[in-house]
K.L.:
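Encoded as structure tokens, here's the structure I'll be asking about.
These numbers were taken from a predicted model, which means no experiment stands behind them. FYI, side chains are in, hydrogens and waters are out, and symmetry mates aren't considered; it's all heavy atoms of this structure. Below, chain A is the first sequence line, B the second, and so on; all start at residue 1.
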Amino acid sequence: MKLPGNKYWKVKMRLFKNSTVGFFLLMGVLAFLFLLDLLSGSVHISLYQSISTLFHPSSSDPQIAAILFQFRIPKAITAVLAGAALSVAGLQMQTIFRNPVAGPDILGISSGASLGVALFVLSAGWIFGGTPLFSIAGSWSIVMAAWFGAGCMMFLVVMLASRLRDLMTVLILGILISGAVMAVVSVLQYFSNESTLKSFIVWTMGSLGSTTRDQLWVLVPSVAVGLLVALFSAKFLDAFLLGENYAKSMGMNLRLAYLLTFASTSILAGSITAFCGPIGFVGIIVPHLARKLFHSPLHSKLIPATMLMGAIVMVIGDLISQLPGYATTLPINSVTSLLGIPVVVWIIFQHKKIGAI
Amino acid sequence: MQEDIYIRCKGVSIGYRERSTASTVVKKDISLHALSGEMVALIGGNGIGKSTLLKTIAGFIPPLSGELLVRNRPVSDFSATELAREMSFVSTEIVRVANLTVHEMVGLGRFPYTNWFGQLNDNDQMIIDRAILQTGLSGYENRPINRISDGERQRAMIARALAQDTRIMVLDEPTAFLDISNKYEIVRILHQLVSEQGKCIIFSTHDLNTSLTMADRIWLMLEDRVVEGIPEEMASAGYFDWLFPNNQHLRFDPERNDFRIKREKYGVVNLTATGQELIWAKKAMERLGFEVKTDPLVSPSPSLPVSQSLSLPVPQSISIDVIQLPQGWNIIHSGIFHNVATLEDLCRSIKKITTRPGS
């Protein structure tokens with residue numbers, strides 16, 4: 001049967017009709033950008049040098065090996081993890097709240113993670129008289145404090161926002177929650193002593209590059225678990241697309257679905273916030289880019305797509321933040337905000353036309 | 001076909017539990033049932049609790065008290081998946097997920113049958129294709145649901161419920177927001193499912209006419225009680241007059257299976273005509289507020305008394321005769337004779353007559 005307008009859809013769908021091809025393409029782009037990220041920085045390392053160092057570390061210049069293995073590779077891996085984690089967290093939140101501007105930073109999940117860390121670092125100062133911030137045990141306790149804070153905030157936001165499908169209400173709610181959290185953090189800082197305050201301030205200045213190799217041993221498994229949980233809840237998230245009532249009527253275990261997505265979002269957003277500090281807007285914009293490219297709202301496609309594209313976007317952000325030609329780097333949060341805000345404005349205008357996610 | 005009781009409410013109270021102690025009761029003491037192979041229309045005014053009742057039956061909110069049986073088993077006994085295999089639901093809410101194709105959405109209906117990752121096997125694909133065919137959406141499989149018409153989207157929602165392969169389907173106002181053609185198409189599809197597959201379909205509606213002509217059973221929610229029965233019994237028992245007790249201007253017209261606005265009669269018109277002329281002239285005069293006497297054998301008497309119950313200052317007595325050559329109408333009113341050619345002129349003349357001077 002021939003239908004009016006059918007041709008148009010066929011043309012549009014062809015772009016990424018075969019999503020496997022799309023995934024391989026994205027992986028190629030990511031690999032290229034990852035390599036580019038290793039090459040860029042204040043010390044010039046050539047492509048040949050870096051490849052030979054990667055494959056024969058013992059027979060190469062120890063200084064270059066140190067730069068690569070101690071700084072650039074951990075930083076690039078962190079960028080990949082942060083992009084994937086924040087984007088998938090954002091995707092899950094957009095589906096659960098059925099709101100195109102939901103994301104870990106907008107809805108205060110990242111602030112919740114900060115609050116968790118603040119409470120832990122500053123109270124550890126009172127209890128232990130100091131914080132073992134930079135040991136492996138310290139990393140685990142910080143990351144768990146961040147999960148806890150993010151989880152509590154996620155719970156609070158769901159209680160408040162699950163019935164608000166209006167875009168603006170959710171944005172206002174996010175502003176209020178973030179404001180409240182920042183106020184609490186300031187009060188905590190006011191009451192804490194100098195040394196704990198200092199270790200907290202150092203933590204808040206976190207960036208992609210501040211993650212050490214040891215901390216990666218905490219970050220990699222955390223993000224892996226969060227992403228796996230997200231992949232395993234793809235079917236639940238698909239059902240959520242139609243709304244809670246439809247999901248229920250199709251026999252979805254609502255409690256299990258919420259628990260899985262809560263856990264995944266809190267772990268993903270919490271871990272990244274714990275090690276890199278707040279990174280805005282990636283979580284909102286990447287899911288939209290993935291939807292645009294893959295033309296599907298189904299999560300079995302969208303979660304891998306969002307992971308790959310999140311990693312790509314974050315590595316690009318890292319490349320830009322290094323300001324090619326200058327010795328200094330920009331804070332990653334500023335880069336993502338400058339790149340992300342126009343996209344968010346575009347999403348808001350699109351939303352008026354298209355409807356929900 | 002063996003008739004089974006698919007839904008039975010015994011003294012059910014519906015409403016929302018707010019805390020462990022407090023709850024808002026929407027309706028008390030509801031006793032209803034629905035059989036296999038029955039299309040049940042749930043009728044009631046706005047805000048009377050139709051949606052709450054449907055949500056209770058679909059298992060979204062537990063009944064506050066009483067017994068709700070689905071295929072002779074308490075609804076609380078079912079696991080979520082078991083209930084989803086017995087009963088599907090279509091809500092009144094419009095789903096506008098961007099880029100979700102009709103096929104993908106219908107596929108979501110296989111949720112209670114698929115594995116953890118929601119993979120569709122050949123059997124699932126077959127059921128999805130059948131559901132799309134039954135709702136007349138063949139050729140629309142790859143169209144995104146946010147870019148099809150409201151009627152097509154509603155049929156896609158029904159196809160999703162069909163793919164869920166349940167004996168019972170519950171639909172909350174499936175024909176709201178639709179034009180007449182789409183409305184009848186939806187009702188036709190539902191009727192076909194009931195008669196061909198013996199499903200039990202419960203839907204709420206404000207369209208009295210369709211439900212009284214198509215439904216096998218009416219659940220009627222009134223202010224003080226909920227009653228059920230087959231449409232004709234409900235109408236003859238006069239239940240529909242209680243549907244809108246606060247509106248004095250509405251009257252249930254059993255001939256039309258619908259409500260009409262009560263109007264005061266200006267007077268009586270004696271109409272002499274046959275066939276199409278009779279039908280349309282009668283309708284026109286009734287619209288203008290006249291009682292029409294149409295016995296063509298009785299010759300019109302020029303001074304028929306107006307019924308006394310009406311408080312009209314000027315008694316009106318009008319006779320209208322259809323004439324063939326030239327085609328038109330003769331109007332006789334208090335001895336004055338008019339001739340008009342068209343129905344529109346006829347209405348204009350009658351209006352002129354009945355417009356009281358000075359008012």
K.L.:
Using a 3.5 Å distance criterion without hydrogens, assess whether the side chain of Gln192(B) forms a donor-acceptor pair with backbone atoms of Leu190(B).
P.N.:
no
K.L.:
Check each atom of Leu83(B) against the heavy atoms of chain A and say whether the ones under 4.5 Å are side chain, backbone, both or neither.
P.N.:
neither
K.L.:
Which heavy atom in Val97(B) sits nearest to a heavy atom in Ile145(B), and how many Å separate them?
P.N.:
O-CG1, 3.8 Å
K.L.:
Out of Gly118(B), Ala58(B), Ala84(B), Ser91(B), return the one with the most heavy atom pairs under 4.5 angstrom to chain A.
P.N.:
Ser91(B)
K.L.:
Non-hydrogen atoms of chain A under 4.5 Å away: do they reach the side chain of Arg160(B), the backbone, both or neither?
P.N.:
side chain
K.L.:
Heavy-atom distances under 4.5 Å only: say whether Val90(B) touches chain A with side chain, backbone, both or neither.
P.N.:
both
K.L.:
Among Asn245(A), Asp238(A), Asn253(A), which has the most heavy-atom pairs under 4.5 Å with chain B?
P.N.:
Asn245(A)
K.L.:
For Met87(B), is it the side chain, the backbone, both, or neither that has a heavy atom closer than 4.5 Å to a heavy atom of chain A?
P.N.:
backbone
K.L.:
Under 4.0 Å between a Lys/Arg side-chain N and an Asp/Glu carboxylate O for Glu185(B) and Arg188(B)?
P.N.:
yes
K.L.:
If you measure from the Lys or Arg side-chain nitrogens to the Asp or Glu carboxylate oxygens, is any gap between Asp150(B) and Arg153(B) under 4.0 Å?
P.N.:
yes
K.L.:
Measuring heavy-atom distances to chain B, does Leu231(A) have an atom under 4.5 Å in its side chain, in its backbone, in both, or in neither?
P.N.:
backbone
K.L.:
Is Ser296(A) in contact with chain B via its backbone, its side chain, both, or neither, using a 4.5 Å heavy-atom distance?
P.N.:
both
K.L.:
Please classify the contact between Ser79(B) and chain A as side chain, backbone, both or neither, with a heavy-atom cut-off of under 4.5 Å.
P.N.:
neither
K.L.:
Look at the rings of Phe232(A) and Phe117(B) and say which category their plane angle falls in: under 30° parallel, 30 to 60° tilted, over 60° perpendicular.
P.N.:
tilted
K.L.:
Identify the heavy atoms of Ser264(A) and Ala230(A) that sit nearest to each other, and give their distance.
P.N.:
OG-CB, 3.6 Å
K.L.:
Could you look at Leu298(A) and say if it's the side chain, the backbone, both or neither that has a heavy atom under 4.5 Å from chain B?
P.N.:
side chain
K.L.:
Out of the candidates Arg110(B), Arg85(B), Gln164(B), only one should pair with Met250(A) under the side-chain contact (heavy atoms from CB on, under 4.5 Å) rule; please name it.
P.N.:
Gln164(B)
K.L.:
CD1 of Ile7(B) to CZ of Arg71(B): how many Å apart, nearest 0.5 Å?
P.N.:
10.5 Å
K.L.:
Quick one: of Thr166(B), Leu100(B), Thr81(B), who has the most non-hydrogen atom pairs under 4.5 Å with chain A?
P.N.:
Leu100(B)
